[in-house]
Every structure is written in C-alpha cells, then in structure tokens.
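One structure is given below, encoded as structure tokens.
Order of listing sets the numbers, starting from 1, for every ligand and every atom in it. Scope of the values below: all heavy atoms of this structure, side chains included, with no hydrogens, waters or symmetry mates.
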Amino acid sequence: MKKQINITPSTASKIGTVDFDNLTFGSTFTDHMFVCDFRDGHWDIPKIVPFGTMELSPASSVLHYGQAVFEGMKAFKDDHGSIWLFRPNENASRLNKSAERLAIPAFPEDIFLEGLKSLITLDKEWVKSGDGKSLYVRPFVFASEACVQASASREYRFMVICAPVKSYYGGDVRVKIADHYSRAAQGGTGYAKAAGNYGGQFYPTQLAKDEGYQQIIWTDAASHEYIEEAGTMNLFFRIGDTLITAPTSDSILDGVTRKSILAIAQQMGIHTEVRMLKVSELIEAKKSGELLEIFGCGTAVVVQPIIGFGYKGNNYDTPLLENSYAQKLKDALVNIQCNKSKDPFGWRFKVCD
Ligand code: COI
C-alpha cells in the first residue's frame, strides 16, 4: 500500500541554471525536499515541498547539543533512463542504529523508502548519467524542540535533500596518519553517522591540510597504533595480493560501500582479510615493497586511491598501479550501481523509469 505523502510541487524549476559538468560536491540542490516532523510521541504525515530555507527557533536543541544523525546515498540513471538507488535498505537501517545511539526516535523504514522514491521521481530530471555523475541523497534527522535543557529533545525533524554531484575529491589524495587527535573512542558514537563525529574532525583535518594532506587516517584512540577509518571513507590496504580492511567496531562506521567492495573482491577471488592493521605493520610493508595500494571507499568518494601517507614527520608514497585492485573494484561497483552489469547480489533498487 502506498504511504500518504503530501506533495506541494515547486512552481519554477532551477534546473536550467545548473552546469552539471562543473559542480562543487554538495552545494547545488534539487527543486524539492522531504520533511517529516516528530512531536507528541509520533511522526506526522510526511510532505514533499519546494527546496528552501526553514524557520528554526534559536533554542532548537540541535544547535546546542548536536543531537543529529544523517545518511549518504546515491541515485544513478542508467542508459535507458531508469533511475536506481544502491542498497537503500542498508541506509534505512543504519540511520536507525545511529538514531538509537543519539536517543532519537526511529524513522519508519517503509516511509523512508517510499519518501525517497517519491522525492527522486519528482526531481528525476536532476539525475544525470555518465562521467561519474549521480544524485547524492542526504537523509538526516535533528532535534528540533525549542528547549535548552541538556536532555534528549521531544521533537525532531527528518528531512531528505538531494544534490547532483560528480567527484568528491578534485585531485590526488594524500593522508596523514593520526598520532595525537582521535575521531572516536570505545563506547562512543564512532559507529553512528552522528553529525558531531564529522564536526570534531574538521580542526585536526585543517591542520593536516596545512601540511599538504587532504584527509586523516584515524587510529584507535587508546594507543594510536591501529588503523581505523578516514572519516569520509573506510580504508583498504593491499599488502602483496591480500586486501585488508579493519573490522567494524564501536569506533568505525559500517560503510555500505565498504561491505559491497568486500563482497565484490571475494567474488572476484581476491584474498581479503578483515582485521586490525597496525601502523607499524603498514610501514614495514611499505619498506619491504609489499604495500601495493591504499584506497578509501564511501558513498560520496566511491573508491579513492590514496597516493601517499605521512606519519610522525615521515612521508611514504603509494603511487597508482596499473590494473589496480582499486580500479577493478570501482569499475565492478559502478557497473552494478548504473545498471551496466548483472546485479548478482540484488543491490539495485528501482526508483522510476
Ligand atoms: C558519504 O559518503 O555519504 C558520507 O557520508 C561522507 C560525507 C561526510 C561526505
């Protein structure tokens, strides 16, 4: 049964003003947004309205205590004009895992999926095909109650906004391995897509950028000896012919792209290991010539080769390989996402024709 969603279409599309070949990631938005409020203990009837600013009390709880979680997904247009989401049920359930950790009420997963379908269908002209183009879909929930008591809000707003995008990073990516700052600790919120996990990275990342790196490889907060993730990406290391990634934990995001890459690699017959990797082991592998590739992966970045890393003042290069695992895995993933190959795992979700 179709869920009720009240739709107010926009009267004038902005699409004619957009240069789809020159987009800064996440800064141009489509014509509509999905909105659903939680109050008096339940979610109201959702609506889709023209994209625009909204009124918010300066006392809104999110502005004071950061009670907010989000998701990142992409919609793709295939060569026949049909539009697909990639594993949206994974995002629906992860949103609610994140929400639980932040004491935010769960959002019904069937309305999440129905809302995405209606919103993306309404804005389907914004989904372009080819050349790495896609529609980045950003669901999020924040505490909207006007109250500065330091306790869980009694009111929330769930929203979805969409941005046409191309690539996330403009050029080469070098990373700094953290030896002082931490992203997440045991028992903390690191596994959740909590807004604060990202805000807390901006200052150390800015310092790393000043040193010529684009991102930080976060290490465990207790010892800084074990590699975790990179904040906007999960990480893979190719040592010899083995592809290694850290197990998900309290402090590592359970990335949808990460688990998809693992499944594709295993299907291709690549030997994979899901285990903690010590920084010292990485540096030993680099020195012995066994470290062949490092790449990050995530919805926004897809698969991003990392061409070098810095650690405690030393720099190590990991130049791009021909026939890299990164490229093979990216091609296989993107072909599934864009309906250019079979979908042996059943990951594609049809939005509309
Ligand atoms: C994503 O890959 O969707 C993310 O959430 C990373 C992001 C903060 C841009």
Side-chain angles (χ1 to χ4, degrees), residues 23-30 34 66 68-76 84-99 101-102 112 116 119-120 127 132-142 158-171 173 175 183-184 189-206 208-209 214-218 228-236 245-246 248 251-262 295-306 326 329-330 333-334 337 347 349:
L23 292 164
T24 302
F25 188 96
S27 59
T28 301
F29 297 95
T30 63
F34 181 95
V69 296
F70 71 96
E71 273 302 319
M73 327 170 58
K74 275 182 180 165
F76 303 90
W84 304 85
L85 279 165
F86 184 68
R87 308 186 76 178
N89 45 328
E90 292 285 338
N91 299 90
S93 69
R94 191 175 60 187
L95 180 83
N96 285 335
K97 282 196 192 105
S98 302
R101 180 62 182 81
L102 274 283
F112 179 94
L116 287 175
L119 178 66
I120 297 167
V127 193
K133 291 181 182 138
S134 63
L135 187 74
Y136 186 72
V137 179
R138 172 54 65 89
F140 58 107
V141 195
F142 62 90
F158 170 85
M159 301 186 72
V160 186
I161 56 176
C162 302
V165 295
K166 280 183 79 182
S167 56
Y168 188 79
Y169 290 110
V173 173
V175 293
R183 172 188 171 274
T189 59
Y191 71 89
K193 243 175 141 50
N197 290 347
Y198 294 79
Q201 297 180 60
F202 295 161
Y203 174 64
T205 304
Q206 193 54 57
K209 281 185 178 159
Q214 281 66 46
Q215 261 298 333
I216 293 183
I217 286 190
W218 295 106
E228 297 209 320
E229 58 143 291
T232 54
M233 328 183 257
N234 292 109
L235 294 164
F236 283 87
T245 192
T248 54
S251 51
I252 298 183
L253 186 83
D254 184 8
V256 179
T257 313
R258 171 190 173 279
K259 63 177 121 186
S260 307
I261 290 284
L262 263 179
F295 59 91
C297 71
T299 299
V301 301
V302 194
V303 171
Q304 174 66 53
I306 292 171
L329 291 162
K330 180 178 179 179
L333 175 73
V334 169
Q337 290 174 326
W347 287 338
F349 174 94

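- A side-chain hydrogen bond (donor to acceptor under 3.5 Å, both in side chains) with T232 is found for one member of Y168, Y198, Y169 and no other, namely Y169.
- Residue-ligand proximity, Y198 to ligand 1, at heavy-atom distances under 4.0 Å covers atoms 8 (C).
- Going from atom CE of M73 over to atom CZ of R87 covers 11.5 Å, rounded to the nearest 0.5 Å.
- Which parts of ligand 1 touch Y168 is read off a 4.0 Å heavy-atom cut-off, strictly below it: atoms 9 (C).
- Atom OG1 of residue T205 and atom CH2 of residue W218 lie 5.0 Å apart, to the nearest 0.5 angstrom.
- Considering CZ of F76 and CG of L135, their distance stands at 9.5 Å, rounded to 0.5 Å.
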Dump the intermediate steps for salt bridge (Lys or Arg N to Asp or Glu O under 4.0 Å) on E229 and R258, then the final yes or no.
CA-CA 11 Å; E229 58 143 291; R258 171 190 173 279; over 6 Å; no
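- Each of the following atoms of ligand 1 lies closer than 4.0 Å to a heavy atom of F70: 5 (O).
- Near A300, with a cut-off below 4.0 Å to any heavy atom, the atoms of ligand 1 are 1 (C), 2 (O), 3 (O), 9 (C).
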Could you go step by step and tell me if F86 and W347 meet the ring pair (Phe, Tyr, Trp, His ring centres under 6.0 Å) rule?
CA-CA 6 Å; F86 184 68; W347 287 338; 5.5 Å; yes
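- With hydrogens left out, the protein atom closest to atom 7 (C) of ligand 1 is R138 NH2, 4.0 Å, a heavy atom.
- For ligand 1, the atoms sitting less than 4.0 Å from at least one non-hydrogen atom of K193 are 4 (C), 5 (O), numbered in the order shown with element in parentheses.
- Short contacts between ligand 1 and Y136, defined as distances under 4.0 Å to a heavy atom of the residue, involve ligand atoms 1 (C), 3 (O), 4 (C), 5 (O).
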